[in-house]
There are 2 protein chains.
Amino acid sequence: MRISQLSTASGVPVPTIKYYLREGLLPAGEQTSATRAEYGERHVRRLRLIRALLEVGHLSIASIREVLAAVDDEGMSMHRVLGTAHYALAPRIEPDPGDEEWRHARDEADRLISGLGWEVDARSPARTELAQALLTLHRFGLSTAEAALRPYAEAAERLVSEHEIHTVARDGTREEAVEALVVGTVVHGRVLDVMRRLAQESASARIFGTPPA
Amino acid sequence: MRISQLSTASGVPVPTIKYYLREGLLPAGEQTSATRAEYGERHVRRLRLIRALLEVGHLSIASIREVLAAVDDEGMSMHRVLGTAHYALAPRIEPDPGDEEWRHARDEADRLISGLGWEVDARSPARTELAQALLTLHRFGLSTAEAALRPYAEAAERLVSEHEIHTVARDGTREEAVEALVVGTVVHGRVLDVMRRLAQESASARIFGTPPA
């Protein structure tokens, strides 16, 4: 198909497709003449994945490029592809390693993770992210006791082991499996986050009362 | 205290404090001479809140300004303060209202929310955010059936009703209650999100195996 048809098929405007081509997010089409290239189903698929990472995951173009490189690298294990997606989703935090408060929070995060029996790489950015959340709770005098945080860990573990694991174990090609893994991570993460805000809004409406229309 | 002492007490560098003063995030200190201003505990508190919204919530300066205005507006109900925080946390999504796919996803999100019995404002940005997640799941042929999404809703509802509600109901001044509400929303949201990625990483390590060191 031509670029205009690729635009219709994917719902992505032609100038945006050209931008993705320039940025190397989308592989070039097959050149059929000096001014014309032919695109196929893999381009439609790739655009769908870029949109999901952009619109739902709010990843930067640089992060999307990294995730796509992992998806395309057939020699990369599924575990490492997921790690790349996680890394892209985690905000960049650069703690001062000499900071006492930080070291304490980081130790606490590490203890919490091992207490849960989770197998997590020592360099996983999620450890730093958890430490930052704990540090902030400390500053506000809010509890970081294991008992206060366990409900979050348990809710997360239940969703992953009872539901999300099936997304990964689907039949299909490696490409489909990798896509499902990446999309599931990003989109279901967003679903959980938005559900929590919806549940909060509803609880708040009941406790504090809604103002009259 | 002087600005240098405020910096030590809050852990925020002096140039950053000056930037917050210029941006109107931090109220001016009491001017004691032409070149000297005196700051107090409320400035320390405010800096703590700004840091949490920035570092954990990743809110923009403009969004933080809106949230702080809500926190300071004593005439604003707690329900509306929470709504302001939620609004700041929700990504800006501007769907094309004429788009058939969008209308369908939005109807689906609305049905899901009413099926859960949740009391959510018709203009809540979380509705649009949920619709976008559903739309993306559709595009990938992933399930948006009520049965597939209910576990996320139930996990969210359980956390809110069994744990987060206590944060709000704490004794204390309005300022403390509002702060706890805003911080709880932002930080516990981050905790849940990061716990899910940690649980995923652990499950993935077990399924796919970790590469040898």
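No hydrogens, no waters, no symmetry mates; every other heavy atom, side chains included, goes into these values. Residue numbering restarts at 1 for every chain, and letters A, B, ... go by the order of the sequence lines.
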Side-chain contact test, heavy atoms from C-beta onward, threshold under 4.5 Å: evaluate it for B:Met195 versus A:Glu154 and give yes or no.
no
Against chain B, work out which of A:Gln200, A:Glu157, A:Arg190 has the most heavy-atom pairs shorter than 4.5 Å and name it.
A:Gln200
Could you grab the distance from atom CZ of B:Arg206 to atom OG of A:Ser161, nearest 0.5 Å is fine?
10.5 Å
With distance as the sole test, does B:Arg139 use its side chain to make a donor-acceptor pair with the main-chain N or O of A:Leu49 at under 3.5 Å?
no
Can you confirm whether B:Arg92 is buried at CZ, in the sense that more than 12 heavy atoms of other residues, nucleotides or ligands lie under 6.0 Å from that atom?
yes
Give me the atom names and distance for the closest heavy-atom approach of A:Ala133 to B:Val187.
O-CG1, 3.6 Å
Pairwise side-chain contact, A:Ile207 with B:Met78, heavy-atom cut-off 4.5 Å (strictly under):
no
Checking heavy atoms, do the side chain of B:Ile113, its backbone, both or neither come under 4.5 Å from chain A?
side chain
Does some side-chain heavy atom of B:Arg51 sit less than 4.5 Å from a side-chain heavy atom of A:Thr136?
no
A side-chain contact here means heavy atoms from C-beta on lying under 4.5 Å apart; do A:Val183 and B:Leu142 qualify?
yes
Looking only at B:Ala199, B:Pro151, B:Gly189, most heavy-atom pairs under 4.5 Å shared with chain A are made by B:Ala199
Hey, does the side chain of A:Ser202 reach the backbone of B:Trp118 with a donor-acceptor pair shorter than 3.5 angstrom?
no
With side chains defined as the heavy atoms from C-beta onward, is the minimum distance between B:Asp193 and A:Leu192 less than 4.5 Å?
no
Where does the angle between the aromatic ring planes of B:Tyr152 and A:His188 fall among parallel (under 30°), tilted (30 to 60°) and perpendicular (over 60°)?
parallel
Which atoms of B:Arg45 approach chain A - backbone, side chain, both or neither, heavy atom under 4.5 Å
neither
From A:Arg197 CZ over to B:Thr185 OG1, what is the distance, rounded to the nearest 0.5 angstrom?
9.5 Å
Considering only heavy atoms, which portion of B:Leu82 lies under 4.5 Å from any heavy atom of chain A: side chain, backbone, both, or neither?
side chain
Engaged part of B:His58 at the chain A interface, taking heavy atoms whose separation is under 4.5 Å
side chain
For B:Leu112, is it the side chain, the backbone, both, or neither that has a heavy atom closer than 4.5 Å to a heavy atom of chain A?
side chain
May I ask you to name which of B:Ala85, B:Ala153, B:Ser143, B:Gly11 has the most heavy-atom pairs under 4.5 Å with chain A?
B:Ala153
Quick check: do B:Glu201 and A:Ser124 have side-chain heavy atoms less than 4.5 Å from each other?
yes
What distance separates A:Glu129 CD from B:Glu55 CD, expressed to the nearest 0.5 Å?
12.5 Å
